[in-house]
Amino acid sequence: MKEGEATSYLEQLNPEQRKAVECINGPSLIIAGAGSGKTRVLTYKIAHLIRNHKVDPFNILALTFTNKAASEMRQRIEKIVGNEARNIWMGTFHSVFARILRIDGHRIGYPSKFTIYDTDDSKSLLKAIIKELNLDDKVYKPNTVYNRISAAKNRLISWKEYQGNPIFTTDDEAAMKPLMGKIFQVYVERCFKASAMDFDDLLYNTYVLYRDHTDVLNKYQQFFHYVLIDEFQDTNIAQYVITKKLAAVRQNLTVVGDDAQSIYAFRGAEIYNILNLEKDYPDLQVFKLEQNYRSTRNIVNAANTVIIKNKAQLPKKLWTHNPEGELIELIKANSDNEEGKLVASSIFEEKVNHQLQNSDFAVLYRTNSQSRSIEEALRRNNIKYKIIGGLSFYQRREIKDILGYLRFSINHNDEQALKRIINLPKRGIGAGTINKIVVTAYENKLSLWEVIENISNTGSGRSAGAIIDFVNLIKRFEIEIQKRDAYSAANLIAKESGLLKELYEDKTIEGLNRYENVQELLNAIKEFVDNTENEDKSLSSFLQEVALITSIDEDEADDQDKVTLMTIHMAKGLEFRHVYIVGMEEDLFPSQMMLSSRADLEEERRLFYVALTRAMEKLTLSYAITRYRFGRLKSCEPSRFLGDIHPQFIRVTRSAFPKIDSNINYSSYDGISGHNFTRNLQKQPKRSVSKHIPSPDFTASDTSSLSTGMKVEHPKFGYGVVVEMDEEGANRKAKVKFDNFGVKTLLLTFAKLKICN
DNA sequence: TTTCTGTACTAATCA
DNA sequence: AGTACAGAAA
């Protein structure tokens with residue numbers, strides 16, 4: 001390690017960043033605005049600890065919210081300090097806490113091979129419980145119940161405390177759901193009996209472990225000399241309390257965050273963790289990173305005008321040395337499908353005009369369901385895209401089925417896995433039988449496994465034979481798992497369970513897909529076994545990893561050049577040269593569910609702020625005035641957030657034109673009352689040279705017969721003459737010389753042209 | 001017990 | 001538009 005190298009990374013930092021990195025001891029808060037080099041500061045600080053202060057990587061705990069952020073950070077640290085970076089305790093809160101619970105969870109009654117229930121498991125267990133308690137699942141909606149329990153756990157409230165606290169019970173009674181606390185209790189008991197933890201339990205149980213076993217807490221307090229937290233604005237109470245405990249002895253707590261980017265209050269994130277940190281740590285050192293390196297000045301300034309509308313925030317002002325850049329474009333479309341088309345054609349044009357790649361573009365939306373129209377349009381324009389998020393590979397039915405077998409073979413208490421696989425493939429154990437098993441288990445205080453294991457003794461019913469076969473199958477799997485590595489065991493189970501055969505025999509396209517997915521899962525297990533970094537190659541070790549993988553973490557198999565589509569939440573921490581934010585409509589963004597309180601609305605605005613600040617060079621916003629929701633056409637108003645951006649940063653360049661045959665009175669949407677942005681926009685001097693106003697009867701003609709020499713009208717560029725035709729089929733292009741806009745190359749699949757004679 | 005069919009209901013964000 | 005579930009039929 002040469003002296004020069006050791007300091008070179010420090011020289012890449014600006015003075016404030018450097019101060020933050022070099023502040024080693026004591027609690028510190030780094031408020032890092034969007035694009036201000038937050039990750040760089042965090043990684044350099046860890047590297048600095050290891051290189052210059054000789055801290056053993058094993059003694060560093062670094063917590064993030066996504067596996068992706070963690071592995072990225074690890075790679076960047078590895079570049080500076082080398083292989084040692086592997087030894088840092090770095091990962092998501094959930095994965096690190098799961099690791100701790102595997103080691104010490106037996107102190108609070110969990111086996112180290114406990115199962116992690118995902119949201120689906122939790123909800124279906126809740127559904128079963130609600131049914132068993134003879135409650136109406138229209139009143140006690142599993143979703144609502146789940147959220148309520150989750151919120152309680154994230155605030156470190158046990159079911160007992162919940163039942164004893166009038167704040168909750170009066171609430172529930174007012175909502176006509178007095179048994180909420182009871183469901184909470186049964187749910188917790190059932191999870192415990194199943195040796196299972198849901199996502200929230202990973203936090204809550206870690207808290208309980210440390211609270212009730214000070215010797216365990218002491219061990220970890222001594223072990224972790226430095227605790228660092230990324231995206232601190234998104235921590236919930238449980239996460240904060242646990243990390244505070246861990247750092248209590250040495251007080252070396254570093255947190256990095258931006259209150260303006262807190263967008264996870266819905267899952268318990270507590271913005272006051274960051275706003276009030278100074279109260280818990282009076283000697284807190286605060287660093288503010290306010291210089292943005294990512295975006296153009298227009299984008300930074302526009303984002304500033306938005307976020308300033310929020311009341312609850314730490315004072316700061318993001319600025320940049322970057323060039324001014326282009327104005328933000330605003331696209332208005334008649335429908336969601338048209339919005340897709342306009343976005344796709346805009347991407348195509350920008351690509352051609354600025355020689356960009358697909359991967360320079362991202363389309364962001366509020367809800368996953370919005371991706372459909374965008375996808376369709378991109379496909380039609382032959383633009384390759386990838387969707388981040390949505391259904392994870394590991395959430396697919398066929399994958400969950402296989403995992404169900406694997407899970408259950410390892411943990412026979414896993415109730416959800418059992419229910420999933422007991423009659424899969426069909427072996428004649430139907431709903432009636434399963435019901436009987438559940439009742440027997442409940443009456444005799446046995447686990448479901450104990451009931452079916454002894455079924456021959458009780459000798460009940462027609463399906464007894466099938467159950468005995470099933471039990472023997474699982475027992476065999478259990479033995480084989482001991483003898484084999486994860487890959488070989490999974491292979492055996494996939495075959496002998498009959499699942500693989502069933503999928504193989506399904507020759508529909510879907511069935512083929514499923515079969516391939518299962519093969520892919522087996523490949524993933526093979527990779528896991530072959531990976532030298534994994535010490536434990538057992539199946540249970542693989543399952544532990546898989547439980548916390550989400551869709552963002554799945555690495556793209558093909559590294560092709562693609563446009564990225566994702567929700568704004570997924571986009572946090574990422575950047576793209578060109579960003580499209582679609583669906584800028586009231587009730588969609590902000591979501592109608594977030595309009596009830598100021599706090600909710602401010603969270604939506606922060607989400608908008610996050611979206612805006614993803615863009616490096618160019619930002620395009622769009623909205624549609626009609627949109628299909630629940631299979632019905634609904635008319636929409638432009639989002640109030642559009643009015644939050646100061647009009648000097650926006651220009652309306654492209655707008656769609658009313659269909660002549662439509663009954664909808666589009667003109668009423670033009671002067672959007674209550675949203676001053678359009679009013680202000682109209683006062684703006686026209687930017688472009690005499691913008692073409694299309695003739696009132698403008699309709700796109702069929703361009704299949706278009707040829708050189710023809711006169712055409714374009715909605716934006718006005719009148720012109722075709723000078724050249726290019727290619728055939730989907731990429732058929734026309735070069736048109738316009739009277740006022742020069743020669744443009746238009747892709748005929750989307751260009752609206754009227755042939756005039 | 002399994003399969004089929006009509007109906008009701010939904011889609012907010014993530015680990 | 002798509003799915004999940006209940007109830008009927010096989």
Side-chain angles (χ1 to χ4, degrees), chain A residues 63-70 91-98 116-124 127 131 137-138 141-144 146-147 150 153-154 197-204 231 234-236 238-239 262-269 336-337 364-373 376 388-392 394-395 397 423-435 461-463 466 546-553 566-573 583 587-595 600 603-604 606-608 610-611 627-634:
Chain A
L63 297 166
T64 64
F65 275 83
T66 63
N67 293 306
K68 200 177 170 201
T92 63
F93 281 92
H94 289 86
S95 69
V96 168
F97 291 174
I116 297 172
Y117 276 176
D118 67 15
T119 314
D120 287 342
D121 294 321
S122 300
K123 283 183 186 164
S124 76
K127 206 167 184 183
K131 212 170 223 171
D137 66 358
K138 299 222 167 53
K141 290 188 185 140
N143 248 317
T144 318
Y146 176 80
N147 289 333
S150 170
K153 285 182 184 168
N154 285 327
M197 299 195 199
D198 66 17
F199 291 136
D200 305 311
D201 287 333
L202 295 174
L203 310 181
Y204 181 75
E231 307 277 14
D234 290 332
T235 51
N236 58 36
Q239 288 160 331
S262 163
I263 54 174
Y264 284 109
F266 72 88
R267 70 165 194 227
D336 45 0
N337 283 330
L364 309 181
Y365 36 77
R366 178 68 234 269
T367 68
N368 276 309
S369 55
Q370 287 168 258
S371 71
R372 203 212 77 249
S373 58
E376 235 172 70
I388 310 282
L391 201 61
S392 151
Y394 290 99
Q395 285 173 309
R397 197 182 72 205
N423 197 27
L424 200 91
K426 297 252 151 37
R427 46 171 75 88
I429 307 171
T433 311
I434 294 170
N435 237 337
R462 296 209 296 285
S463 42
V546 148
L548 296 169
I549 288 179
T550 60
S551 45
I552 3 166
D553 306 321
M566 63 183 143
T567 63
I568 301 167
H569 282 87
M570 293 292 221
K572 177 130 152 253
D587 291 346
L588 184 59
F589 192 24
S591 154
Q592 77 267 27
M593 311 183 88
M594 294 294 264
L595 297 173
D600 283 351
E603 170 144 324
E604 288 286 284
R606 289 192 295 270
L607 188 60
F608 185 43
V610 167
R627 180 177 295 277
Y628 274 95
R629 293 182 94 180
F630 305 117
R632 293 206 66 91
L633 191 66
K634 291 262 167 67

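The sequence lines fix the lettering, A, B, ..., with proteins before strands; numbering per chain opens at 1.
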Is the shortest side-chain N to carboxylate O distance from A:K572 to A:D234 below 4.0 Å?
yes
Spacing between A:Y628 atom OH and B:dT10 atom C1', to the nearest angstrom
17 Å
Going by ring pair (Phe, Tyr, Trp, His ring centres under 6.0 Å), name the residues that satisfy it together with A:Y264, two or more places apart in sequence or in a different chain.
A:F266, A:H569
Report the distance from atom CG of A:L203 to atom P of B:dC14, rounded to the nearest whole Å.
17 Å
May I ask you to say what A:K572 touches in the nucleic acid, namely base, sugar-phosphate or nothing, with a heavy-atom cut-off under 4.0 Å?
nothing
Just so I know, are the side chains of A:T64 and A:E231 near enough to count as touching, which here means a heavy-atom distance under 4.5 Å?
no
Nucleotide B:dA8, atom P - distance to NZ of A:K141 in whole Å
16 Å
With a 4.0 Å cut-off, would you call A:D336 and A:R629 a salt bridge?
no
Check this for me, if you would: do A:K153 and A:D201 make a salt bridge, where the nitrogen-to-carboxylate-oxygen distance has to be below 4.0 angstrom?
yes
Whole Å only: how far is the CD1 atom of A:I263 from the C1' atom of B:dC14?
10 Å
Sugar-phosphate, base or nothing in reach of A:K634, heavy atoms under 4.0 Å
nothing
Can you check the A:L595 CG to B:dT13 P distance for me, whole Å?
16 Å
A:F199 CZ to B:dT13 P: how many Å, rounded?
15 Å
Suppose you measure atom P in B:dT13 against the same atom in C:dA4; what distance do you get, rounded to whole Å?
15 Å
Ignoring backbone atoms, establish whether A:T567 has a side-chain N or O less than 4.0 Å from OP1 or OP2 of B:dC14.
yes
Using a cut-off of strictly less than 4.0 Å, decide whether A:N368 has a side-chain nitrogen or oxygen near OP1 or OP2 of B:dT13.
yes
Check side chain to side chain contact (heavy atoms under 4.5 Å, CB included) between A:I429 and all other residues, then give those that pass, not counting sequence neighbours.
A:I422, A:N423, A:R427, A:T433, A:I434, A:A466, A:I467
Can you measure A:Y264 atom OH to B:dT13 atom P for me and round it to whole angstrom units?
11 Å
Atom NZ in A:K634, atom CG in A:D587: separation rounded to 0.5 Å?
9.5 Å
With the side chain defined as heavy atoms from C-beta on, A:S369 is closest, among B:dC14, B:dA15, B:dA11, to B:dA11
Close N/O contacts between protein and nucleotides 1-4 of chain B (under 3.5 Å):
| residue | atom | partner | partner atom | Å |
| --- | --- | --- | --- | --- |
| B:dT1 | OP1 | A:G430 | N | 3.4 |
| B:dT1 | OP1 | A:T433 | OG1 | 2.3 |
| B:dT2 | OP1 | A:G428 | N | 3.0 |
| B:dT2 | OP2 | A:N423 | ND2 | 3.1 |

Output all residues satisfying side chain to side chain donor-acceptor pair (under 3.5 Å) with A:K127, sequence neighbours left out; order by chain, then residue number.
none
At a 4.0 Å cut-off to heavy atoms of chain A, the contacted part of DNA chain C spans C:dA1 to C:dA6
Is the number of heavy atoms from other residues, nucleotides or ligands within 6.0 Å of NZ (A:K141) greater than 12?
no
Return the set of residues passing ring pair (Phe, Tyr, Trp, His ring centres under 6.0 Å) with A:Y204 (not counting sequence neighbours), or none when no residue passes.
none
NA contact type, A:R366, heavy-atom cut-off 4.0 Å: base, sugar-phosphate, or nothing?
base
note: A:Y146, atom OH; B:dA12, atom P; distance rounded to Å ~ 16 Å
Give one of base, sugar-phosphate or nothing for A:F65, where a contact means two heavy atoms less than 4.0 Å apart.
sugar-phosphate
If we take the C1' atom in both B:dC14 and C:dT3, what is their distance in whole Å?
22 Å
